[in-house]
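To start, the structure itself, in structure tokens.
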Amino acid sequence: MSQYSLFHRQGRRIVSGLRCTQCDLANNPDLQTNCMEGTGNRNRPTYLFAGVSPGKDDDASGIPMVGRNGSLFRQLLSEAGFNLQDCFISNCLRCTLAGGSPKKAHWKACKHHFLRDLAQIQPQVVVAVGGPATTLLAGHSGVQRLRRKLLPLESNANFLVYPIRQPAQLFHQEGRNESIALRASMVDDLRFLKNLVGRNQIRRGADVVLDYRTARTAEDVDAFLEEMGQVPELAFDFETSSLFPTKGDRLVAVGFSWGEGIARAIPLDARGETSLRWWLDGYLQEELLPKLREFMRRKKLWGHNAIQFDQKWSRAFLDLEFLDIDYDTQFGHYVLDEERGTHGLEQLAVLHTNMEPWKSEFNLEDTAQLSGYLCKDCDATWRLRKVFEPQLTPRKQWLLHELIIPLAKELDRVEWQGVRVNEQGFEDLDKYIRGRVSEEYEKIRSDSAVRAFEVSKNRSFEVDKHADVREVMRDYLKLKQVKTTDGGEYSTDVEVLEHYSDSVPTVAGIAAIRRLNKLHGTYVTGLREAVIDGRLHTTYKVHGTVTGRPSSSNPNLMNIPRSDTAGKVLQDANAIKRCFRSEDGYLLLQADYSQAELRVMACMSGDPSLIDIYRKGLDAHTATAAKVYGASLEEVTKGQRSNAKTVNFGIIYGMSWEGVLKKFLAAGNTEAEAKSFYDGHKRTFPCIWAWMDEQERLIRRTGEQTTPFGRTRHYGEIDNRAVRQSYNFPIQSMASDLTLISLVRTAKVLRQRNLPARVCLTVYDSIVYEIRQDAFWEVCQLVHSMMAGIQFDWMQVPMEVDMEVGYTWGDLKSIDMKNLTISS
DNA sequence: TCCCAACGCGCT
DNA sequence: AAAGCGCGTTGGGA
């Protein structure tokens with residue numbers, strides 16, 4: 001899988017820098033520029049010029065189209081009236097052929113670079129410079145014959161290729177009369193292209209003739225299924241009456257596509273004027289659904305709904321436990337471009353295909369209209385795969401097919417099973433918190449400032465109204481502003497409240513009420529409303545974050561309060577987590593990667609001191625403090641350990657000196673102490689700081705980072721925030737991927753061995769399993785050995801896995817894996 | 001009634 | 001001034 005080495009070893013250290021080694025061109029000992037970037041206007045220029053590969057001078061300088069050939073080419077462009085501002089200049093192959101000829105393997109290995117540029121840059125037309133480039137791009141040879149023609153780009157027919165002859169030909173005929181004529185005709189060809197553009201004759205091509213059909217009779221259905229019978233793989237989509245199938249919901253229609261502009265829609269729930277006759281006589285349940293089930297059961301499918309969605313509806317309405325889905329266009333796009341909110345079907349189709357917007361046609365109440373809409377969804381889904389899939393590097397193929405898609409399928413099962421909850425627990429909490437809130441309100445209402453506020457407003461003071469809290473603190477309690485909100489207002493967030501809590505009891509009361517309200521609204525009322533048959537079913541999003549972490553929503557089960565938070569206002573600190581429980585006869589097992597991010601940092605930076613700490617199995621924060629303070633492990637004080645912890649976390653987030661100072665001061669240190677620790681840390685862990693500098697240089701040079709797992713983060717303007725993100729991204733992303741890989745692997749093995757255990761929850765670096773009691777120890781050992789034994793070539797320290805067991809999420813006990821005992 | 005911004009806060 | 005999320009309430013506007 002290491003065909004690229006973003007992180008490659010140099011001596012002891014692993015440094016970053018993109019080095020492509022995917023074809024033999026990279027092995028050329030004389031190669032100066034590995035994987036050359038194009039140059040010019042990247043923002044929808046008219047022309048993208050593509051030579052076959054960098055020339056000798058290009059290779060030496062790192063820029064395409066320089067040297068003798070390049071300047072001749074630029075001269076011709078200028079004579080033909082081209083403006084370089086409107087051009088992007090690159091090559092089909094990114095490493096020099098050094099006079100050799102391009103082989104299929106070169107293009108196959110390199111193509112994704114070109115196609116990615118193309119998709120991002122979106123030129124109006126691609127100009128293939130010379131015969132070899134034309135062959136690679138358009139699959140035709142003989143430039144002479146193809147002069148002044150527009151050909152479809154072989155890998156993505158949405159782009160047109162205009163072949164021109166190689167200007168360097170002129171050097172072979174220098175001084176001859178033919179040379180003058182040849183030069184003139186080359187310029188003419190360029191002018192011809194410019195005129196085509198000027199007359200607006202190169203547009204995104206008119207779309208293909210659409211072959212969309214909707215089934216209106218049973219005969220139509222049979223004909224469609226017959227027609228699609230021979231097609232091994234189909235794009236498909238469901239139209240549904242809601243986002244999550246619950247009672248009363250309807251699977252409205254299903255559609256398929258197997259070619260550009262081809263789609264079939266089969267309505268299942270007819271509405272509007274176009275009522276279908278078979279809908280009326282029981283045909284749906286007795287014939288159509290079974291037929292459809294048999295049909296879909298045997299097909300490889302791909303969709304655009306992030307898999308879990310399709311899976312749930314087919315399970316609920318087609319009685320198909322698992323669809324054979326091997327691609328999803330949202331994921332396909334996500335691995336190429338991680339930006340949030342960019343994976344919408346219509347948005348992608350408009351950007352990458354010839355299709356026009358259609359989402360406004362959505363109408364659940366008119367089946368005929370909806371079917372047309374569905375056909376477009378399916379068509380777009382089919383087309384987008386053809387656009388995105390060729391852009392995948394081998395590493396991204398691995399990421400998509402070996403991690404993301406299997407993960408989505410596993411998480412689908414997790415969501416579907418859900419987690420058992422103790423509803424009585426929620427009710428008790430509801431009552432308790434209401435009581436606590438009135439108590440606290442009673443206390444603060446005895447404050448004269450609060451009373452004065454209420455008198456002047458002639459209404460009660462409410463903690464949930466930010467303006468109320470602000471006014472009371474600022475104007476009645478006369479407390480100085482400590483912090484400003486984004487909107488430039490007097491902030492009253494938890495940090496400010498805590499600042500005054502010790503000295504002003506009313507502020508402490510406000511803080512308590514706010515926390516109680518949060519716990520009540522989000523975790524008691526909110527969760528209770530989401531319970532279905534005694535279980536909570538979250539939805540995990542696999543493509544929702546720029547780092548590759550999953551996210552959870554409806555309800556979010558990744559932000560359930562921990563005991564130290566809840567304990568600040570609840571008598572029973574674990575009351576909320578205790579509402580999450582195992583099924584009768586089962587146990588919960590929580591497996592946590594301990595300090596995954598700092599361990600990844602140790603591996604990526606190659607820092608000998610940090611590696612040493614983890615190889616010796618020490619407590620990382622204590623050991624950090626010991627090294628920085630020059631003390632023995634036993635001598636490290638609580639305060640010193642806490643300082644080390646602050647900096648260790650700060651590093652992961654790219655905290656600045658000012659940030660460190662602030663934290664240290666807040667913890668009761670002097671500025672001198674902060675400074676001394678900060679400098680001491682840099683001296684003790686030099687490779688960590690060098691690695692961070694490396695990341696900054698990398699994103700300044702290339703604008704992006706890619707992890708060994710194939711996750712990429714793109715940056716726009718490189719500001720301070722981007723620099724901090726560059727420190728955090730590989731660490732957070734890789735740590736998360738280790739957990740996700742473990743989740744997929746362990747879940748699969750549990751199933752293969754038919755063990756009575758399954759994944760029940762996951763929170764970033766932890767996985768919670770629900771295990772039947774009699775199989776507990778077997779599963780526990782299996783999970784532990786798989787998770788702790790995870791190994792990749794870049795890993796230089798062991799991964800430790802903390803194991804905990806309990807009947808609920810709120811009273812987990814540590815497991816001693818050596819002795820297989822449970823701590824009391 | 002729905003949508004959005006602002007603010008704040010829960011988690012790793 | 002420390003990364004990544006989802007979601008609650010309030011309050012203004014369409």
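Below, read A as the first sequence line, B as the second, and so on, with proteins coming before strands; counting in each chain starts at 1.
Ring geometry for Tyr476(A) versus Phe453(A): interplanar angle over 60°, hence perpendicular rather than tilted (30 to 60°).
We find that CG of Asp765(A) is positioned 14 Å from C1' of dA3(C), with the value rounded to whole Å. Between the CD1 atom of Ile699(A) and the P atom of dA3(C) there is a distance of 13 Å, rounded to whole Å.
Applying the side chain to side chain donor-acceptor pair (under 3.5 Å) rule to Tyr769(A) yields the partners Thr746(A); only residues at least two apart in sequence or on another chain are considered. His537(A) meets the side chain to side chain donor-acceptor pair (under 3.5 Å) test with no other residue; sequence neighbours excluded. Remark: Arg711(A) pairs with Asp737(A) by the side chain to side chain donor-acceptor pair (under 3.5 Å) rule, at least two apart or across chains. Scored by the side chain to side chain donor-acceptor pair (under 3.5 Å) test, Tyr540(A) finds no partners at all (sequence neighbours excluded). Applying the ring-ring contact (aromatic ring centres under 6.0 Å, His included) rule to His343(A) yields the partners His333(A), Tyr334(A), His543(A); only residues at least two apart in sequence or on another chain are considered.
Once rounded to the nearest 0.5 Å, the distance linking CZ of Arg528(A) with SG of Cys579(A) reads 10.0 Å.
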TODO: Spell out protein contact along nucleotides 5-14 of chain C as letters: B when the base is contacted, S when just the sugar-phosphate is, - when no protein heavy atom is under 4.0 Å; keep the 5' to 3' order.
DONE: SBSSSSS---
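Legend: salt bridge (Lys or Arg N to Asp or Glu O under 4.0 Å) pairs involving residues 670-679 of chain A, not counting sequence neighbours, sorted by first then second residue: Lys675(A)-Asp679(A). Applying the salt bridge (Lys or Arg N to Asp or Glu O under 4.0 Å) test to pairs two or more places apart or on separate chains, those with a residue in residues 539-554 of chain A are Arg549(A)-Glu597(A). A ring-ring contact (aromatic ring centres under 6.0 Å, His included) check over residues 489-513 of chain A, counting only residues at least two apart or in different chains, returns nothing. Residue pairs meeting the ring-ring contact (aromatic ring centres under 6.0 Å, His included) criterion with at least one partner in residues 666-687 of chain A, sequence neighbours excluded, are Tyr629(A)-Phe677(A), Trp657(A)-Tyr678(A), Phe664(A)-Phe677(A), Tyr678(A)-Trp689(A), His681(A)-Phe685(A), His681(A)-Trp689(A).
Only Thr485(A), Asp486(A), Gly487(A), Ser491(A), Thr492(A), Asp493(A), Val494(A), listed by number, bring a heavy atom of residues 483-494 of chain A to less than 4.0 angstrom from any atom of DNA chain B.
Residue contacts shown for Gln725(A) are limited to sugar-phosphate atoms, with no base heavy atom under 4.0 Å away. Across all strands shown, Arg724(A) has heavy atoms under 4.0 Å from sugar-phosphate atoms exclusively, and none from any base. Within the nucleic acid shown, Leu661(A) has no heavy atom closer than 4.0 Å to any nucleic acid atom.
In 5' to 3' order, the nucleotides of DNA chain B bounding all contacts with chain A (an atom under 4.0 Å from a heavy atom) are dC7(B) to dT12(B).
Phosphate proximity of dA3(C) to Arg713(A): absent, as no side-chain N or O sits under 4.0 Å from OP1 or OP2.
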